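One-based numbering, in listed order, for ligands and for the atoms of each. Bear in mind the structure is a predicted one, so any value in this text is a computation, not a measurement.
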Amino acid sequence: MEIQKQLKSHGAWIGKWTFILAATGSAVGLGNIWGFPYKAGTNGGGAFVLIYLACILMIGVPIMIGEIILGRSSGNSPINAMRRMALASNTSSSWQIIGWSGITAGILILSFYSVIAGICFNYILISATSSGAMSASDQFSEVISSPLNLLFWHTLFMVMTALIVSAGIKDGIGRMVKILMPMLGLLMIFMVVYSMINGNFSQAMSFLFAPDFSNVDANTFLQAMGQAFFSLSLGMGSIMAYGAYMPKDQNVVNTSFTVASLDTLVAVLAGLAIFPIIFAFNLEPGTGPGLVFVSMLTAFNQMTFGWLIGPLFFTLLSIAALSSSISLLEPGVAFLSEEGYLSRKMAAELLSLFIWILGFGSALSFNIWSDFNLTPGRNFLDSMDFIANQILLPLGGMLIAIFVGWFMKEQIIKDELGQINPTVFKLWKFFIRFIAPFSVAFVFVSQFF
Ligand code: PFF
């Protein structure tokens with residue numbers, strides 16, 4: 001029978017904390033430190049934050065629990081995990097489409113994520129050496145107008161990602177997250193304390209936490225939900241793939257809450273590191289994607305220790321990006337290598353090469369291809385972002401919720417959840433069956449009107 005097919009094993013996380021570190025590393029990334037503050041900034045601050053929190057709790061956490069259950073019960077990469085679980089639940093193996101869509105989304109996201117992460121690498125250097133003679137917005141234009149410059153940093157980032165993933169679960173990803181995550185935590189705390197002392201902290205607090213609903217519209221919900229999916233790395237199998245390496249005695253529900261809380265905490269802390277500085281230097285909070293590259297550099301240029309604080313800030317961003325990019329690559333690499341045709345190393349190299357080349361399109365969309373639209377009204381990078389984040393992730397998340405909520409054999413779920421409070425179980429079941437799929441479907445469809 002198909003289900004008996006022998007697949008290569010990938011090994012497992014050693015120790016209880018490794019899954020939490022790896023999943024938090026995946027979740028905490030550019031989405032938290034670059035995306036969340038600027039989206040909160042352009043969507044009216046506190047109101048966006050509240051809607052975002054509701055999405056995390058009502059949609060994100062239930063789906064994360066579902067993804068971990070799928071990954072751990074099968075022990076496979078998302079495509080084979082879905083096929084195995086569908087067959088074990090006596091339903092169609094076509095559910096593996098979730099795995100295929102996830103791996104595609106991972107490839108598309110990583111191709112532009114790496115270009116932006118490359119800009120973060122570049123800014124470690126720029127913020128250390130910038131004299132302030134050139135304005136931060138001219139500086140940003142200079143960075144993105146050079147294809148060679150963008151490609152150089154994109155290459156460096158992709159090589160680092162490929163090296164870590166090719167070294168495997170225990171010696172590559174597992175080992176790296178144990179180094180990167182404590183560094184990220186320390187840098188984050190340092191940045192917030194620095195902003196508290198030197199920035200306009202009270203204005204930042206009221207901006208982030210005093211909700212102003214006057215600007216809220218359907219688009220705010222769409223943005224908040226998309227951000228919740230992206231930030232928790234859901235809907236594309238990263239968490240499923242990592243779940244496959246999670247020890248059986250670890251509690252799935254508690255772990256999911258821990259990862260979601262840490263991810264949210266970092267997003268809020270990033271806001272508390274950035275906005276006090278923005279307000280202290282009388283800069284605009286709602287400038288959009290340029291918030292960290294233009295506004296923050298303007299501030300670093302004017303600060304006494306800007307040459308030191310700036311590089312620390314961009315190192316923080318780069319570390320966060322690297323611990324996420326490895327989780328974008330892992331599902332595809334796990335699939336290619338578990339089928340037995342390619343070694344993990346070979347799979348990581350080939351897939352990275354492909355993603356690296358795809359990334360050229362995004363790098364060039366900042367300069368020589370800026371007028372070229374791949375999908376109507378969207379340049380190359382925006383198209384990758386749109387297809388992955390606005391289409392594949394919500395669809396993937398919705399299908400995962402439907403499969404786990406309606407089709408998966410109850411006994412497999414119960415075995416994975418272990419000893420669980422019956423009320424918690426009922427609540428989760430209700431959210432994964434009804435709230436998550438319907439709200440995703442609603443928000444997803446409304447974006448086209
Ligand atoms: N969660 C990451 C971030 O917030 O930057 C991005 C990401 C990683 C998205 C892994 C999706 C994923 F599977």
Side-chain angles (χ1 to χ4, degrees), residues 21-40 52 55-56 60-61 63-64 67-68 70-71 77-78 98-120 157 161 164-165 173 177 180-181 184 188 223-244 256 259-260 262-271 289 292 316-335 351 355 384-397 400:
L21 287 179
T24 307
S26 167
V28 171
L30 294 176
N32 303 60
I33 306 176
W34 168 66
F36 177 82
Y38 94 70
K39 287 181 189 162
Y52 174 76
C55 292
I56 293 276
V61 173
I63 295 185
M64 182 179 281
E67 277 206 34
I68 299 179
L70 285 165
S77 76
I98 292 176
W100 290 101
S101 132
I103 286 180
T104 312
I107 291 173
L108 300 189
I109 296 177
L110 185 51
S111 74
F112 68 84
Y113 203 82
S114 166
V115 174
I116 299 175
I119 301 181
C120 297
F157 187 81
T161 305
I164 299 175
V165 175
I173 304 182
V177 293
L180 293 177
M181 296 316 285
L184 186 140
M188 194 79 236
Q223 290 241 15
M225 194 188 78
Q227 176 65 18
F229 264 96
F230 186 77
S231 191
L232 290 180
S233 305
L234 295 176
M236 58 141 288
S238 276
I239 296 295
M240 205 187 292
Y242 276 9
S256 301
V259 173
L262 286 171
D263 182 62
T264 309
L265 180 71
V266 173
V268 171
L269 287 181
V292 299
L316 168 68
L317 259 177
S318 305
I319 292 177
L322 193 60
S323 64
S324 296
S325 65
I326 50 185
S327 75
L328 285 158
L329 188 58
E330 176 60 22
V333 169
F335 172 69
L351 198 59
I355 296 172
M384 294 291 122
D385 181 28
F386 173 75
I387 300 169
N389 292 330
Q390 235 104 300
I391 309 223
L392 296 178
L393 293 198
L395 278 186
I400 288 171

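Proximity of the aromatic rings of Phe36 and Tyr52 is defined here by a centroid distance below 6.0 angstrom, and this criterion is met.
Looking at Leu316 and Ile33, their side chains come closer than 4.5 Å, going by heavy atoms from C-beta outward.
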For residues 102-112, dump all side-chain donor-acceptor pairs below 3.5 Å to protein atoms at least two apart in sequence or in another chain.
residue	atom	partner	partner atom	Å
Thr104	OG1	Trp100	O	2.7
Ser111	OG	Leu108	O	2.7

(message) Gln227 vs Lys39, test: side chain to side chain donor-acceptor pair (under 3.5 Å). Steps then yes/no.
(response) CA-CA 9 Å; Gln227 176 65 18; Lys39 287 181 189 162; 3.0 Å; yes
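Checked against ring pair (Phe, Tyr, Trp, His ring centres under 6.0 Å), Phe230 has no partners two or more places apart in sequence or in another chain. Contacts of Ala334 classified as side chain to side chain contact (heavy atoms under 4.5 Å, CB included), with partners at least two apart in sequence or in another chain: His10, Ser77, Tyr245, Glu330.
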Name each N or O atom in ligand 1 that is under 3.5 Å from a protein N or O, and give the partner atom and the distance.
residue	atom	partner	partner atom	Å
ligand 1	1 (N)	Ser26	O	3.1
ligand 1	1 (N)	Ala27	O	3.0
ligand 1	1 (N)	Phe230	O	2.7
ligand 1	1 (N)	Ser231	O	3.1
ligand 1	1 (N)	Ser233	OG	3.1
ligand 1	4 (O)	Ala27	O	3.0
ligand 1	4 (O)	Gly31	N	3.4
ligand 1	4 (O)	Asn32	OD1	3.2
ligand 1	5 (O)	Leu30	N	3.1
ligand 1	5 (O)	Gly31	N	2.7
ligand 1	5 (O)	Tyr113	OH	2.6

